[in-house]
Every structure is written in structure tokens, then in C-alpha cells.
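Data block below; observations after.
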Amino acid sequence: MARTRFENGSTSLSDSMWRGSFSIQADEVGSTLPEFYRRKLRKMRKAGSPEPLVAGSISALPHPELTDQQKAHIRERSQSPTTGYNSAGVAIRPFLTQGSVAERVLIFERAPAEMKPKPGVPTTAAPEKRRPAISTWRDPDEVRSLAQFWNILSFLGALDDFTDGLQSTPSTTSPTSSLRQIEAPPPTTQETKALTYVRENNVSQKENARPLSASGGSSPVSPLSPTTPPTTTPTASPGLQHNAHPASPGSPLGLVTSPGSPVHSPRATNTLRRHTKSTKNLLIPRFYYPMGRPTSQMTQEQALSRVGAVFREQGGQVTRENMEPLMRACQLPLYWKAPLFIAAGGDKLGYLTQEQFADYWSRVISTCHDMASRFVRVLSRGMRNYLMPEDFLSMIQDVVDTHPGLTFLKEATEFHSRYVHTVIARIYYCVNRSWSGRITLPELRRSNLLQVISYLEEEEDINQITDYFSYEHFYVIYCKFWELDTDHDLFIDKHDLAKHNERALSWRMIERIFSGAVTRGRLQKQDRMGYQEFVWFLISEEDKRHPTAIEYWFRCMDLDGDGYLSMYELEYFYEEQLQRMEALGIETLPFHDCLCQMLDMVRPEEIDKISLRDLKKCRMTPIFFDTFFNLEKYLDHEQRDPFASHRADDDGPEFLQVSDWDRYAAEEYELLVAEEGGADHQDDVIVEESL
């Protein structure tokens, strides 16, 4: 903190020296003392009290008595002032003591090295003609705005010097080495003058400041002064010059100079905008194509010529049943034919003409350049850049009508809608990873949906395609739903869902499922679950390794929705498990011991809570979830070999292709078919006995 002018600048000065040097008389006390001293002096005068002496009115710091050597030294200084001391022998302070705190800090930060006297370095005498000084008292906002403006100008000046260097002389070194090279500042010359400010000795000029030259590198020019900074000619490096504050050698933004580099004078017209215009041809090649990488005009013309050849063979018209040659000409999978026929306008006339389809297909291939973008364009009919569930209806219905593996289903038309909605629900379960109800292009490209659709025309057995289209999987899902839906209105409530798997799920988890954590729409408000929501529930229940299943159960267990499973939430679900085990007479495991096992198994990043990321990295998520809300599977895990799951995971890539859901669906399908066959055999026996 800077001292005020009323403090003793040197402890070795006596009161008589203060009076003699500054010529402060007793009559001038009222004009030099602070306000509270003046008020006190006026009160003493009114009361008739004797006025204190000048020396007594100013409290000086105590100091020991001066030695003869110190007195001689002070006398020599007063007779012949040296550098850094005024005529009274008082050291000149290297920074302003007047003005705001922000201004003094700003000046000190710009050149901390220049503010200190440098012993052994001669200083240039002050100019004869004093420059007009300004008042240092400024508004803090004005100081801040001027500082920011000065920083911007300095940066633009450094950028201009850098671009001039690039345009005039090529660098002999690599850009990396030139940027990292930091050399010493150039020696001081007559043209390089530093400006600093000192306080005036005269009391009448206490608000003025005069610039003094100092040795060293180029000095900072305070933005608080309107005077023009001295002309400097630093040597510029071809590398980037951080010219924010040239005068602070210790600053990280100091000027990077090189003595051997050529000198370049800055040009005011060469700005950042001009540099951008001069290098506008140096562009980064485009690498992001949301609709696919564009094809050449020749490729598009060849595609249209193949389409024209097909129409000429078909007599100028193509019906829905004769779409296969047209699909090969367009190089599209066969089972795109129904949505393509509708999108091109064939449903209006019952057939497609060459002009009609060529105009539509030319617009598609000119804007959509890969299979994913064309799939979205065809199914959405060009109205959206994402897919809704109803966009799949025509394509899956065409699979039901034309696929050789589903010929037995043609007569049972009442099951067509159930199969179509099952496939759509499974597609969204695996593809729509954002849970938004909209399949976007990035989600479609990351999935295997397009590959599975292409594989449909190669595989005649629909059950071999376990992803999305398997009839056996549909049969298992629909039978499980039919068992729970006792009134067969295609809706189930909490009590119906509690019957699943012999009431294996806890009631607290069932309430969370119907709370809206994993269900949406009007059915959630009515505490009911539709068929498509049941598809998601059943797959998540039987395959807890799937990413969507992990997210499904994590949403249910995250009671407060903070993205973490706390110890309180785990205890909330485990309490019901303990009560059910005690009711069945099964030995229970305390929650503390169970929690230690779960934390050792999951190994969360944070000790006191488990995140979704922790569960996705864990390979034993079925055990974790079953421990807290599925009693039957929890007991099954307790009785099973704990190392069986690890051996199963290491069986090889062939085993890894069979998911837990595929294994469950295959087993349940065999049981359902066996039960149906046994029931039919029992009916035959009853009929024979009656005869």
C-alpha cells in the first residue's frame, strides 16, 4: 500500500528537515492536513485552546537516534542529489501515489520491472520541455475500457507484423520452432525510450506527472495518457508476435524478437479482415456430409438411364407387383418397394410412369447420396429428416404379404397388425438410442437396420433373422402379453403386470414402471400399459445386458432423477426384497453386506453413488438389477456357480452372437409349442372317448 504525503518517507529525517525541505509553515497546516485534522483544528480555535505544533500534529514513526555516519550521508544527499532522490534526499517513488487503486495496479502490471530503480544503469536526463500532464483521477470503468481497447490494438498490431513477415520473407526454420523460440529483447537505443511517472516535489503540482526516460527495452505506454508513445523499431521475428504489452519482458505476452530477423514496418491497412480475404482460397476440405458424400453427375445420369430401360421393358408402366426390376435398377433392397411405390405417387393411379418416377428419382439422388438418407427420404415421403413409427407400416406390411417365410400368416389377418407393431417396437428399442420416438440419420447409420432389411431377400426362413423380424420372437411376446391381459383389451395395469413370471418383480419397481419413468403419453396418466410398451418391458426384463435395458432399469431405480443411484435408492428397493425373503423363510443378507458386494462388482468411479456409465461398463448388470427387484432371478443367481457367467462370456465370438433375449425366446417358444401340442393331444383324446 502506498504511503500518503503526510507519512514520513524516510525514518532518518528530523522534523526540522521536513519543515525546511517542504517549506511548510504553521499557517499552511490547515491547507495540508487531512479533513479530520482540519475539523479538529477549527474546534480547538473556537474553544480557545493553543494550536499544536506542526511536528506534533503529524505522528511520525519512532526510530533510533541517527549515527554520525548516517547524518553525514544525509547531508551529502541534500547537497548533491543523486539518481533516484530529489533535492531533499527523499527517494523518488517509482509509481504514482495519486489516483485510483485500479490505475496504479494497471501501471504496475504493465511494467513491473521498469518501476524499480536499476542500479548501475545511467538514465537519460528528462526532456527540457515538460509535456502537459493530465489528471490521474479517472472513473474505474473508463480505466477498464481503455485497458481492454489497448490490449485489442496491441494484438492487431502483432498480427499485422506477423502477416507482413509471411508475405515479405520466407522463414528458414519450421513454424513450430519459430513459434517456440523466445529470445532476449534488443539492446536499448536512443530511439527506444521508456516512459514512467514520478510524483512531483512541489505541493502545488501534486496532481501532475512527468515522463522520465529509463533504460531497458521498449517501455509500456499507459493508455491513461493521450500522449503519443515514442517511436520504436524492434526487430520482428517471422513467427507469431504476442505484442500485447511490449515493455514487460517477464510477461508471457511479451514481444518475441530475433536479432537476426529482418525489420518489417507495420502497415495500418493490413488488418485481420484483409488477411482473411487474402487467404480465402486456403480452406479446409469439407469432411461432413449429413446426406452422404455427393456423387458425380455422370453417376446420376447412369442411374436414370437404367430406370428408363426398365420402363421401356415394362411398356412404360410399372405396377406394385412388378417393382423388383425397378428396385435392382435403383440399386435398392427389394423390401423398399412398397414405400418407394407410395412415395413416387404410384398409389394414386395404381402404377408408375417413366416421367413420373424419373422426376421423383432424380430429385432423390441429387439430394440424398447414401442409403440411410434415401431410406429416410423414401419412408417419410420427403416431409421430415427423421422417421416416425407410422412410416414403417407400409414396408413391414409388405414383408408380411410377400416374404416366403410368412406365407402361413397370410390367412390370419387378425395377427398382421400385432406382428407389424411388434417389429416396429423392436426397431425403436434397438435403433432409437435417444428415447425421443424419432429415428434420426446418425442413429440409423449406427444401427444394423438397413443391413437386416437387405438380408430379408436372401433368407427365406424368417426365424433365422433374430433381429426385429423373427416370427418366433413375436409369438413369445404376444403370448406373454395375452396371458397377462385377462380382459383382452390390449391394455394391462399394475396388477396385471405383477403376475408376470409368478410375481417375480417387486411392487415398488412396478410402481416405478407406471410412474412415467419409462412410459409416455395418455396411457401413463391412466396407469395402463399398451402392447408396444410391454415389448420394451419384456425385452428389458430378459436381456439386462442390452444398452437400452440398462437405461430402462436405471431410469426406474433413479428416484430423484439426478443421474446417479445413491445408497438410499438402493436401500429403498432392497428393503422389499428382504421382506419377501423373510416371508418365505429364506436366510437374508443385510443391506450393508449386499451393498459391499454390489460396489465391488460394479466398481463405480465415485464411491458413494453409481452412474449409468458405471453400469454400462460392468459385465454383470443382470445380477445387479435382479438383486434389487427380481426375487426369482436373484435366488437363481445365488444358487448358481458365480464363475459360470465369466466362463460363458469367454466362450468365443459364436456364443457372443446369441444374446440373453435370443436364448430366452428360443426356450420359451419351445415350451409354448409343447404346451399347445399337449393341449391339442388332450383334446383329441377327449373327443375319442366321447365317441
Donor-acceptor contacts, no H, no angles, side chain residues 339-355, under 3.5 Å, sequence neighbours left out:
residue, atom, partner, partner atom, Å
Thr353, OG1, Gln356, N, 3.3

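- Ring geometry for Phe311 versus Phe357: interplanar angle of 30 to 60°, hence tilted.
- Inter-residue side-chain proximity for Thr422 and Tyr531 is flagged as met; some heavy-atom pair is nearer than 4.5 Å.
- The line from CD of Glu472 to CG of Asp662 is 10.5 Å long, rounded to the nearest 0.5 Å.
- Taking CD of Glu632 as the reference point, atom NE2 of His637 lies at 11.5 Å (rounded to 0.5 Å).
- For the residue pair Ser540 and Tyr552, the shortest heavy atom distance occurs at OG-CG, 3.6 Å.
- Closest approach of Ser434 to Glu443, counting heavy atoms only: OG-OE2, 2.7 Å.
- Residues Arg512 and Leu559 meet the side-chain proximity criterion, which asks for heavy atoms closer than 4.5 Å.
- Taking Thr548 as the reference, Tyr429, Arg433, Trp435, Trp536, His546 meet the side-chain contact (heavy atoms from CB on, under 4.5 Å) condition, with sequence neighbours excluded.
- The minimum heavy-atom distance between Leu304 and Ala358, with the atom names listed, is CD2-O, 4.0 Å.
- In this structure the side chain of Leu497 reaches within 4.5 angstrom of the side chain of Ile492, judged on heavy atoms.
- Of the charged side-chain nitrogens involved, none lies within less than 4.0 Å of a carboxylate oxygen, so that Lys337 and Glu457 do not count as a salt-bridged pair.
- Put simply, CD on Glu483 and CG on Leu672 are 7.0 Å apart, with the number rounded to the nearest 0.5 Å.
- When all heavy atoms are compared, the tightest approach of Ala303 to Trp361 is CB-NE1, 4.4 Å.
- Put simply, the side chain of Tyr386 does not reach to within 4.5 Å of the side chain of Ser380, judged on heavy atoms.
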Using side chain to side chain contact (heavy atoms under 4.5 Å, CB included), reason through Leu441 and Asn385 one step at a time and then give a plain yes or no. CA-CA 8 Å; Leu441 277 172; Asn385 58 352; 5.5 Å; no
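- Using a cut-off of 4.0 Å between Lys/Arg side-chain N and Asp/Glu carboxylate O, Lys633 and Glu542 are scored as salt-bridged.
- Test Tyr475, Tyr664, Tyr478 against Tyr669 for ring pair (Phe, Tyr, Trp, His ring centres under 6.0 Å) and you get one pass: Tyr475.
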Please step through side chain to side chain contact (heavy atoms under 4.5 Å, CB included) for the pair Tyr335 and Asp398, ending with a clear verdict. CA-CA 7 Å; Tyr335 287 98; Asp398 182 64; 3.7 Å; yes
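- No side-chain donor-acceptor contact under 3.5 Å links Glu460 to the backbone of Pro404.
- Looking at Arg286, its side chain does come within 3.5 Å of a backbone N or O of Tyr288 through a donor-acceptor pair.
- Salt-bridge annotation for Lys544 and Asp660: absent, with no side-chain N of the basic residue lying under 4.0 Å from a carboxylate O of the acidic one.
- Across all their heavy atoms, Arg374 and Cys368 have their closest contact at NE-O, 2.9 Å.
- Side chain of Asp558 to main chain of Arg555: no donor-acceptor pair is present (N/O by atom type, distance under 3.5 Å, no hydrogens or angles).
- Between Ser611 and Glu605 the shortest side-chain heavy-atom distance does not fall below 4.5 Å.
- Between the side chain of Arg306 and the main chain of Cys330, no donor-acceptor pair closer than 3.5 Å is present.
- Without hydrogens or angle criteria, Asp496 side chain to Asp485 main chain gives no donor-acceptor distance under 3.5 Å.
- Within 6.0 Å of CZ on Arg384 lie more than 12 heavy atoms contributed by other residues, nucleotides or ligands.
- The pair Glu551-Lys616 meets the salt-bridge criterion, with a side-chain N (NZ, NE, NH1 or NH2) lying under 4.0 Å from an Asp/Glu carboxylate O.
- When side chains are defined from C-beta on, Phe474 does not count as touching Arg426, because their heavy atoms never get closer than 4.5 Å.
- Screening residues 315-330 for salt bridge (Lys or Arg N to Asp or Glu O under 4.0 Å) gives Glu324-Arg328 as the qualifying pairs, with residues at least two apart or on separate chains.
- Using modelled atom types, one side-chain atom of His421 and one backbone atom of Ser417 make a donor-acceptor pair closer than 3.5 Å.
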List the steps and the verdict of side chain to side chain contact (heavy atoms under 4.5 Å, CB included) for Ile365 and Thr295. CA-CA 9 Å; Ile365 62 179; Thr295 57; over 6 Å; no
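- Annotation: side-chain hydrogen bond (donor to acceptor under 3.5 Å, both in side chains) contacts involving residues 447-456, sequence neighbours excluded, comprise Asn448-Asp467, Asn448-Tyr468, Tyr455-Glu459.
- When side chains are defined from C-beta on, Gln300 counts as touching Ser366, because their heavy atoms get closer than 4.5 Å.
- Take Glu511 and apply the side-chain hydrogen bond (donor to acceptor under 3.5 Å, both in side chains) test, not counting sequence neighbours, and it matches Trp507.
- Using a 4.0 Å cut-off between a side-chain N of Lys or Arg and a carboxylate O of Asp or Glu, Asp562 and Lys609 do not qualify as a salt bridge.
- The aromatic ring centroids of Phe469 and His403 lie 6.0 Å or more from each other.
- Between Phe537 and His500 the shortest side-chain heavy-atom distance falls below 4.5 Å.
- Evaluation of the side-chain hydrogen bond (donor to acceptor under 3.5 Å, both in side chains) test over residues 407-416, restricted to residues two or more places apart or in two chains, returns none.
- Here Ile453 contributes atom CD1 and Ile427 contributes atom CD1; the two are 6.0 Å apart, rounded to the nearest 0.5 Å.
- Between Trp553 and the choices Val518, Asp626, Asn630, Ile513, the side chain to side chain contact (heavy atoms under 4.5 Å, CB included) rule is met once, by Ile513.
- Residues Ile424 and Pro389 approach most closely at CD1-O, 3.6 Å, considering heavy atoms.
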Taking it one step at a time, do Phe408 and Tyr471 satisfy ring pair (Phe, Tyr, Trp, His ring centres under 6.0 Å)? CA-CA 11 Å; Phe408 63 91; Tyr471 182 80; 4.8 Å; yes
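- Annotation: the span from Phe481 atom CZ to Leu484 atom CG amounts to 8.0 Å, rounded to 0.5 Å.
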Let me see the working for Met388 and Met383 under side chain to side chain contact (heavy atoms under 4.5 Å, CB included), right down to the final yes or no. CA-CA 11 Å; Met388 298 295 291; Met383 295 184 295; over 6 Å; no
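- Taking OG of Ser373 as the reference point, atom CE of Met291 lies at 4.5 Å (rounded to 0.5 Å).
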